Amino acid sequence: MRKYSNELKPEEIVEIAGWIHEKRVHGKLVFLILRDREGFVQITVSKKDVDEETFKIAKKINKESVIKVIGKVRNEPRAPNGIEIVPNKIIVLNKAQAPLPMDPTEKVPANLDTRLDHRFMDLRRPKISSIFKIRSKILNFVRDFFHKRGFVEVHTPRIISTGSEGGTELFPVQYFEREAFLCQSPQLYKQILMASGLDKVFEIATYFRAEEHDTVWHLNEITAIDCEIAFIESHVDVMKLLEELVYSIIKNVNENAEKELKILGIDEIHVKSPFKKISYDKALEILKDLGLNIKYGEDLTTEAERKLYEYMKEEGYDLYFITDYPYIIRPFYTYIEGIESEKIDEIVEFLKENPFVKTRSFDLDYKGREISSGSQRIHKYEILIASLKVKGLRVESFKHYLEAFKYGMPPHGGFGLGIERLLMQLLNLKNIREAVLFPRDRNRLTP
RNA sequence: GUCCCGGUGGUGUAGCCCGGCCUAUCAUGCGGGACUGUCAAUCCCGCGACCCGGGUUCAAAUCCCGGCCGGGACGCCA
């Protein structure tokens, strides 16, 4: 049975396999540093301890070749970690070519682009694989979190028909004789499911956005955690759940990913609970005091987000909600305050006259960047039609979505949380591409 | 999409402003050699590069133009 480098006990005969991380030759004594998923172990090959063939292999083997070693573990204060393996046998499973396309030992740094071109090798660095071990732990935790609270995990379609929503650009795909698109969000489907009686659903999935942006903060293929809950009182219920989720993710990472955090040079991820909550209006006031004027009814700029974080940081908050955005900068399905009428024309008129009317909406910012956004949704058919019209969207193309609102749609709301963004802010990554194994951006389609 | 910066061995860089002392720096790597306790081993010998195209000039890694590629800021963005 193969063992990992962190499972070795002195005096055991073990089988271990991995990559040659380092090789140090001292004439008749060779040290091989073997790397596997869990760490490193030294293989000490002394000419007097092993047969001629084994010694020759040890001396000749080049870096990053894959070997299997059968040998005896022994305590040795001179060895790293205090133990080493004296091999009975070294089997070369596969030789690596030289030179390597990048240096996995981190002696010479590599540019992100070079690293992404040779991602498998980049991932041999414990610092890099730690990011994805943490990502895996988070996703496992999130599934558990939702299941424990009675949520049903769902999967909505990746391929959608035209005109599902305004806003972001879609990637077209050929769907037999028709044109279809890759989905950009589960929004409409998770809402439809609220009319199904499933009541509380969540989805962890990949979405595609054809925006031609080129920043350290955007990707064209993203993964998100989405949820939708029926029978809420307001967006505050949704915020409560999101806060609980994010807070317990951080707590969980601190408790269950200690080793990975240490490798990444992080002691403990700071989180102050409860999260700070301010309204959009209040945020604009604060920014004004900080000398930054945002025109009412406009989204916070990158600079504004940064300034607001500086302010929040003073109070000890890395995480904070911005709530109650004006209607004009929120999507059409966002719950609008103070609509009494049930007549579509009257609602349209009202919205046109009051573009800054408050909505039951929120963003969750983490260290100055938006990681999640959500809201209570409109559940009244007439208001939804009016809102679509005001936003200039074609009612006809939302036919199937709208039908769900005609025959018993409960009040509901939800959020979407970008996993890459969360991970990036959580681990202080400089580029969102670091949080994806094989990122897709404007210029990168391979590997 | 706009603006700024960049492209030098396998990798990361120095040199560029102020053209010629460049037969191009340093590190790492790679090949060979010495070495029985290294831990970025050490020491000796060797290998390997100016993104592409055009221009200016007696002379271009260096200056100019175009292209391609990359980095960053902003914008766009459910």
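Just so it is clear: chains get the letters A, B, ... in the order the sequence lines come, proteins before strands, and each one is counted from 1. Predicted model, so just to flag it, every value in this text is computed and none were measured.
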### Message
Under a 3.5 Å distance rule, please check whether Ser372(A) uses its side chain to pair with a backbone N or O of Gly416(A) as donor and acceptor.
### Response
yes

Please write out the pairs of protein N or O atoms and N or O atoms of nucleotides 31-36 of chain B separated by less than 3.5 Å, giving the distance to one decimal.
unit_1 : atom_1 : unit_2   : atom_2 : d
C35(B) : N3     : Val25(A) : O      : 3.4
C35(B) : N3     : Gly27(A) : N      : 3.1
C35(B) : N4     : Gly27(A) : N      : 3.4
U36(B) : OP2    : His26(A) : O      : 3.4
U36(B) : OP2    : Lys28(A) : N      : 3.2
U36(B) : N3     : Ser46(A) : OG     : 3.2

#### Entry: Parallel, tilted or perpendicular: ring planes of Phe202(A) versus Phe151(A), cut at 30 and 60 degrees
perpendicular

Under 3.5 Å donor-acceptor pairs involving side-chain atoms of residues 297-307 of chain A, not counting sequence neighbours:
unit_1    : atom_1 : unit_2    : atom_2 : d
Thr301(A) : OG1    : Ala304(A) : N      : 3.1

### Message
Just the rounded figure in Å: distance from P of C76(B) to CD1 of Ile329(A).
### Response
12 Å

Every protein N/O lying under 3.5 Å from an N/O of nucleotides 71-75 of chain B:
unit_1 : atom_1 : unit_2    : atom_2 : d
G72(B) : OP1    : Asn431(A) : ND2    : 3.2
C74(B) : OP1    : Arg306(A) : NH1    : 3.2
C74(B) : OP1    : Arg306(A) : NH2    : 3.3
G75(B) : OP2    : Thr302(A) : OG1    : 2.6
G75(B) : O6     : Asp214(A) : N      : 3.4

Donor-acceptor contacts under 3.5 Å from residues 229-239 of chain A side chains, at least two apart:
unit_1    : atom_1 : unit_2    : atom_2 : d
Ser234(A) : OG     : Val236(A) : N      : 3.1
His235(A) : NE2    : Asp324(A) : OD1    : 3.2
Asp237(A) : OD2    : Glu233(A) : N      : 2.7

#### Entry: Pair Lys3(A) + Asp36(A): basic N to acidic O under 4.0 Å
no

#### Entry: For U42(B), the Watson-Crick or wobble partner whose two distances fall under 3.5 Å
A34(B)

### Task
Compute the ring centroids of Tyr280(A) and Tyr296(A), then answer whether they are less than 6.0 Å apart.
yes

#### Entry: Whole-angstrom distance between G46(B) and G9(B), as gauged at atom C1'
15 Å

### Summary
Paired to U25(B) by Watson-Crick or G-U wobble criteria (both distances under 3.5 Å) is none

### Query
What is the distance, rounded to the nearest whole Å, between atom NE2 of His118(A) and atom C1' of G70(B)?
14 Å

### Query
Is the shortest side-chain N to carboxylate O distance from Glu53(A) to Lys59(A) below 4.0 Å?
no

### Task
Answer with yes or no whether Arg442(A) presents, from its side chain, a donor or acceptor under 3.5 Å of a partner atom in the base of G70(B).
no

### Query
Across the strands shown, which category fits Arg35(A) at heavy-atom distances under 4.0 angstrom: base, sugar-phosphate, nothing?
nothing

Output a table of nitrogen or oxygen pairs between the protein and nucleotides 24-29 of chain B separated by less than 3.5 Å.
unit_1 : atom_1 : unit_2    : atom_2 : d
G29(B) : OP1    : Lys107(A) : NZ     : 3.2

### Query
Under 6.0 Å between ring centres, would you say that holds for Phe275(A) and Tyr320(A)?
no

### Query
How many Å lie between CD on Glu298(A) and C1' on C76(B), as a whole number?
14 Å

### Task
Measure the distance from CZ on Arg440(A) to P on C77(B) and round it to the nearest whole Å.
25 Å

### Task
Salt-bridge test for Arg360(A) and Glu337(A): reply yes if a basic N is under 4.0 Å from a carboxylate O, no otherwise.
yes

### Query
salt bridge (Lys or Arg N to Asp or Glu O under 4.0 Å): which pairs involve residues 83-97 of chain A, sequence neighbours left out?
Arg74(A)-Glu84(A)

